[in-house]
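As the structure is a prediction and not an experimental result, all values here were calculated from the model. Here is how names work: the chains are called A, B, and so on, in the same order as the sequence lines, proteins then strands, and each is numbered from 1.
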Amino acid sequence: MPELPEVEVIRQGLMPHLNGRTICEIRCSGKPLRSPVPCSEMRVELCGHIISTVHRRAKYLIVRMDNGAALIIHLGMTGNMGIFAKGSTTQKHDHVCWGLDNGTELRFNDTRRFGAVRLLEAATSKTLEKQFFAALGPEPFSRSCSARYLANRAAGRKTAIKKFIMNSHVIAGIGNIYANESLFRSKIHPERAAASLSDKEWQRLLGIIRKTLKDAIACGGSTISDFVDASGKGGYFQINFQVYGKDGETCRICWKVIIKKYIDGRASFICPGCQEQP
DNA sequence: CAAGTTACCTGACGGC
DNA sequence: TGCCGTCAGGTAACTT
């Protein structure tokens with residue numbers, strides 16, 4: 001479900017509820033997520049300690065504690081985090097629950113259990129970046145993620161540009177929706193070889209990726225089926241989709257019919273008028 | 001290194 | 001009503 005904008009919206013929604021709160025109790029469904037949930041370890045490391053901040057890296061949320069411990073949470077396809085009153089009705093796929101000192105609790109819900117909850121004791125920003133996120137590419141908004149950097153990484157690569165920008169080892173946070181939307185807005189066909197983009201095209205694509213992600217964050221993310229932010233509200237960027245899920249509809253720019261095609265196993269939406277076939 | 005497949009898991013939807 | 005196949009926002013581990 002969640003790509004960078006949705007994770008960022010969740011982070012921003014959670015921050016005011018979590019910052020400075022003490023974790024009092026932890027409950028787990030017992031079902032494994034992508035990896036087993038370290039329930040007893042979390043109780044030892046987190047209970048009685050204060051949450052200092054919530055960060056995001058790529059599509060990961062990072063809850064930092066005053067004792068140096070860090071929770072690293074990935075939402076997978078269907079994961080979500082929300083704040084609820086203690087004792088309120090739980091949902092079917094609530095898998096982890098962190099009780100706080102003010103009568104609320106943070107809940108992780110994940111229908112398909114593709115998400116992950118990991119625990120690092122004694123994590124610093126440096127060790128997190130060096131150990132846990134070592135293989136991740138730069139954040140799209142960071143200085144190190146330049147058009148030059150992307151062009152260099154793409155040099156010699158025949159792989160489709162769409163797959164390339166969805167590769168988290170190259171650039172973090174871009175999933176299927178925002179890859180489709182950014183390529184359409186850049187007028188670049190998703191099957192173009194990554195190495196075939198000119199410097200000018202890289203500049204345009206990077207600028208548009210940044211703008212698209214930023215606009216989506218400002219809209220509260222995209223609600224496809226059930227995405228909601230920490231307070232239970234859905235985002236509305238999906239009204240700005242120009243190609244995603246719009247096969248059979250006419251392009252709002254050139255009036256040609258948008259097609260759907262599987263590229264590298266992922267649904268891709270292309271305007272044959274705006275995005276020239278390689 | 002690239003491209004393809006499989007796997008993780010549940011639920012919604014369409015066809016019959 | 002139900003059964004079956006297909007598909008879904010992500011990622012990693014395999015094989016060729």
Side-chain angles (χ1 to χ4, degrees), chain A residues 1-11 29-37 56-61 72-81 91-96 108-118 132-137 140 152-183 190-196 209 212-213 216-217 219-229 234-241 243-248 260-269 278:
Chain A
M1 141 177 102
E3 303 184 32
L4 185 152
E6 289 73 35
V7 178
E8 179 59 23
V9 166
I10 291 172
R11 185 191 76 80
S29 68
K31 290 191 178 176
L33 302 175
R34 189 165 186 74
S35 50
V37 176
R56 178 193 57 75
R57 174 77 168 91
K59 299 169 188 167
Y60 293 88
L61 286 168
I72 300 172
I73 295 158
H74 196 283
L75 303 176
M77 292 273 260
T78 52
N80 205 354
M81 306 274 286
Q91 301 291 308
K92 182 165 183 195
H93 299 288
D94 286 345
H95 292 298
V96 188
F108 176 88
N109 183 283
D110 186 3
T111 305
R112 290 173 69 182
R113 289 191 277 125
F114 285 0
V117 174
R118 303 275 306 267
F132 200 84
F133 298 124
L136 273 187
N152 286 342
R153 289 291 306 263
R157 296 243 222 154
K158 289 182 189 165
T159 190
I161 182 63
K162 177 161 178 273
K163 188 183 186 191
F164 184 77
I165 61 171
M166 287 176 69
N167 180 352
S168 65
H169 300 316
V170 171
I171 176 172
I174 303 171
N176 201 31
I177 291 177
Y178 297 104
N180 275 300
E181 289 296 321
S182 297
L183 287 167
E191 291 182 294
R192 287 269 305 277
S196 76
I209 286 172
T212 306
L213 296 175
I217 293 167
C219 285
S222 302
T223 303
I224 299 288
S225 61
D226 56 2
F227 168 72
V228 290
D229 70 10
Y236 52 92
F237 185 75
Q238 66 279 8
I239 67 173
N240 295 311
F241 287 176
V243 286
Y244 185 84
K246 299 211 177 284
D247 48 313
K260 177 179 182 177
K261 178 177 186 181
Y262 283 85
I263 300 172
D264 296 304
R266 308 299 302 273
S268 306
F269 302 89

Sorted by position of nearest nucleotide on DNA chain C, 5' first, the leading residue of Ala58(A) and Lys260(A) is Lys260(A)
Whole angstroms only, please: what is the [atom1]-[atom2] distance between [X] and [N]?
{"X": "Met166(A)", "N": "dG4(B)", "atom1": "CE", "atom2": "C1'", "value": "16 Å"}
{"X": "His169(A)", "N": "dT11(C)", "atom1": "NE2", "atom2": "P", "value": "9 Å"}
{"X": "Ile73(A)", "N": "dG10(C)", "atom1": "CD1", "atom2": "P", "value": "18 Å"}
{"X": "Leu33(A)", "N": "dC8(B)", "atom1": "CG", "atom2": "P", "value": "15 Å"}
{"X": "Lys158(A)", "N": "dA3(B)", "atom1": "NZ", "atom2": "C1'", "value": "12 Å"}
{"X": "Lys162(A)", "N": "dA2(B)", "atom1": "NZ", "atom2": "C1'", "value": "17 Å"}
{"X": "Leu4(A)", "N": "dG10(C)", "atom1": "CG", "atom2": "P", "value": "11 Å"}

Between dT6(B) and dG5(C) - P atom distance, rounded Å:
16 Å
Specify whether His93(A) and His95(A) have parallel, tilted or perpendicular ring planes, treating 30° as the upper limit for parallel and 60° as the lower limit for perpendicular.
tilted
For a quick test of reading the model: is some side-chain N or O of [X] closer than 4.0 Å to OP1 or OP2 of [N]?
{"X": "Arg266(A)", "N": "dG10(C)", "value": "yes"}
{"X": "Tyr262(A)", "N": "dA8(C)", "value": "yes"}
{"X": "Arg112(A)", "N": "dA8(C)", "value": "no"}
{"X": "Lys92(A)", "N": "dG11(B)", "value": "yes"}
{"X": "Tyr60(A)", "N": "dG10(C)", "value": "no"}
{"X": "Thr159(A)", "N": "dA3(B)", "value": "yes"}
{"X": "Lys59(A)", "N": "dG10(C)", "value": "yes"}
{"X": "His93(A)", "N": "dG11(B)", "value": "yes"}

Counting C-beta onward and ignoring hydrogens, is there a side-chain heavy-atom pair between Asn80(A) and Gln91(A) closer than 4.5 Å?
no
Is there a side-chain contact between Phe237(A) and Pro5(A) (heavy atoms, below 4.5 Å)?
no
Has Phe114(A) got its ring stacked on dT11(C), by the test of a centre gap below 5.5 Å and a plane angle below 30°?
no
When we call it a touch if two heavy atoms are under 4.0 Å apart, what does [X] touch: a base, just sugar-phosphate, or nothing?
{"X": "Arg34(A)", "value": "base"}
{"X": "Phe164(A)", "value": "nothing"}
{"X": "Ala116(A)", "value": "nothing"}

Give each stem of DNA chain C as a range with a range, requiring at least 3 consecutive Watson-Crick or G-U wobble pairs whose two distances are under 3.5 Å.
B:2-8 with C:10-16, B:10-16 with C:2-8
Least distance between heavy atoms, Asn180(A) atom then Ser268(A) atom
OD1-CA, 3.4 Å
Examine the side chains of Lys162(A) and Asn176(A) and answer whether a donor and an acceptor come within less than 3.5 Å of each other.
yes
Measure from the side-chain N and O atoms of Glu181(A) to the backbone N and O of Val243(A), and report whether any donor-acceptor pair falls under 3.5 Å.
yes
Report each atom pair, protein N/O against N/O of nucleotides 13-16 of chain C, whose distance is under 3.5 angstrom.
none

Select from Pro32(A) and Arg157(A) the residue whose nearest nucleotide in DNA chain B is closer to the 5' end of that strand.
Arg157(A)
